[in-house]
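What follows is one structure encoded as structure tokens, with my remarks underneath.
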Amino acid sequence: MAASAPGKLILFGEHAVVFGEPALSTAINLRAEVYARPHPEWRADGGSIDEPRYRYVKAAVAKVKTSGPLWLEIRSMVPSGAGLGSSAAVTVATLGTLHGIGGSIDAKTIAREGFEVEHEVQGRASPIDTSTASAGGGLLVLPKPQDGLLWTIERDARRWCLHRTDLPSLDFVIGNSGISAATGPLVANVKERVDRSREAAGAVREIGRITLDGLDALRRNDLVEAGHLMDRNHALLTQLGVGHPMLDRLADAARKTSYGAKLTGAGGGGSIVALSDRPQETVEAIRAAGGKAFVVRSDPTGVATL
Ligand code: MEV
């Protein structure tokens with residue numbers, strides 16, 4: 001048995017979504033695959049499943065009853081520590097494989113379990129990464145349900161309503177700084193700032209408004225406006241303390257040939273995303289500025305058995 005799940009790209013709203021503000025994401029065409037065979041004891045890539053790098057896999061295994069231990073093989077095209085949802089993709093693909101053995105995979109169940117895994121391993125989080133990996137395609141997270149509702153996830157008085165949203169087919173240029181930063185502490189630091197500073201709380205709310213305006217702009221195909229909003233979203237994330245000089249450098253380099261650019265994911269390192277209709281030129285500009293660059297597209301397929 002095997003299953004796969006996609007990585008994700010957050011176009012607007014990371015960090016603010018943890019506080020219940022709107023966010024917009026899409027699954028991308030880089031996937032994680034998890035293969036399983038019965039074995040006398042639990043193994044991950046031939047080694048111990050207790051190794052720290054398999055903590056998401058191990059927490060996912062604890063969620064699903066299997067008839068016996070398995071040898072799991074994990075293959076991922078999603079670069080880790082790059083803000084592209086590699087842990088969520090591996091978590092969701094693992095859950096897909098384990099449920100697939102039982103005979104049925106249900107994206108909503110897997111999204112809920114995936115969020116629990118992320119919360120257990122990483123601490124405070126929103127369900128955006130795990131739900132995008134489960135559902136595939138474009139996802140709009142809102143505090144209240146609207147047309148297109150896929151599922152709702154609640155935790156500690158916060159509620160996230162995950163909606164299907166159609167995004168125009170676009171190329172996104174990723175600029176990976178090569179600096180990896182752990183998501184858990186970044187999310188915790190933002191919470192601390194928001195609790196003690198009115199400006200930070202205001203920045204979180206402004207990011208929520210930018211997400212809705214950004215979605216409108218993308219739907220109207222107004223890429224100039226969408227790009228401006230990305231630039232503003234980047235500045236607000238930097239104000240919240242999750243920027244990095246290398247991310248500014250890559251975003252500045254990308255902006256010369258694109259509509260706009262912002263950090264994507266948890267920040268502190270990781271990647272930027274640029275909206276460009278000259279993707280190859282943007283790729284080259286990012287490389288010249290010292291980043292790793294590649295182009296990704298939206299992937300409509302969520303968790304799926306292979
Ligand atoms: C990380 O990909 C996105 C964050 O908003 C954290 C989360 O939503 O769990 C930074």
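Order of appearance sets the numbers: ligands from 1, and atoms from 1 within every ligand.
- Interface of V17 with ligand 1, defined as ligand atoms under 4.0 Å from a residue heavy atom, comprises 5 (O), 8 (O).
- Using a cut-off of 4.0 Å between Lys/Arg side-chain N and Asp/Glu carboxylate O, E206 and R232 are scored as salt-bridged.
- Close approach of ligand 1 to V18 is summarised as follows: ligand atoms under 4.0 Å from at least one heavy atom of the residue are 5 (O), 6 (C), 7 (C), 8 (O).
- Residue A125 has at least one heavy-atom neighbour below 4.0 Å for each of these atoms of ligand 1: 9 (O).
- The environment of R278 atom CZ is dense: over 12 non-hydrogen atoms of other residues, nucleotides or ligands sit within 6.0 angstrom.
- For atom 1 (C) of ligand 1, the closest non-hydrogen atom of the protein is D129 OD2, 3.6 Å.
- With ligand atoms numbered from 1 in the order given, ligand 1 contributes 2 (O), 3 (C) to contacts under 4.0 Å with heavy atoms of I10.
- Applying the 4.0 Å criterion to heavy atoms of H15 picks out, from ligand 1, the atoms 4 (C), 5 (O), 10 (C).
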Exercise for the section: Please assess Y35 against L306 for the test side-chain contact (heavy atoms from CB on, under 4.5 Å), listing each intermediate value before the final yes or no. Expected result: CA-CA 9 Å; Y35 297 78; L306 296 172; 3.9 Å; yes

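- Annotation: the span from W151 atom CH2 to I110 atom CD1 amounts to 9.0 Å, rounded to 0.5 Å.
- Considering backbone and side-chain N/O of T183, none are found under 3.5 Å from N/O of ligand 1.
- The atoms of ligand 1 that sit less than 4.0 Å from any heavy atom of S126 are 7 (C), 8 (O), 9 (O).
- For the atom pair OG1 (T282) and CG (L275), the distance works out to 9.5 Å, reported to the nearest 0.5 Å.
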Exercise for the section: In sequence, state the C-alpha distance, the side-chain angles, and the governing distance for D248 and H234, and then conclude on side-chain hydrogen bond (donor to acceptor under 3.5 Å, both in side chains). Expected result: CA-CA 9 Å; D248 290 340; H234 180 80; 2.8 Å; yes

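- Listed by atom number, the atoms of ligand 1 under 4.0 Å from I128 heavy atoms are 8 (O).
- Numbered from 1 in the order shown, with element, the atoms of ligand 1 that lie under 4.0 Å from a heavy atom of E14 read 5 (O).
- The closest approach between any non-hydrogen atom of K8 and ligand 1 is below 4.0 Å.
- Connection of V273 to L240 is established within a shared hydrophobic cluster, with ILVMFWY side chains joined at heavy-atom distances below 4.5 Å, either directly or through further cluster members.
- Contact of the T165 side chain with the R219 side chain is registered, since non-hydrogen atoms from C-beta on lie closer than 4.5 Å.
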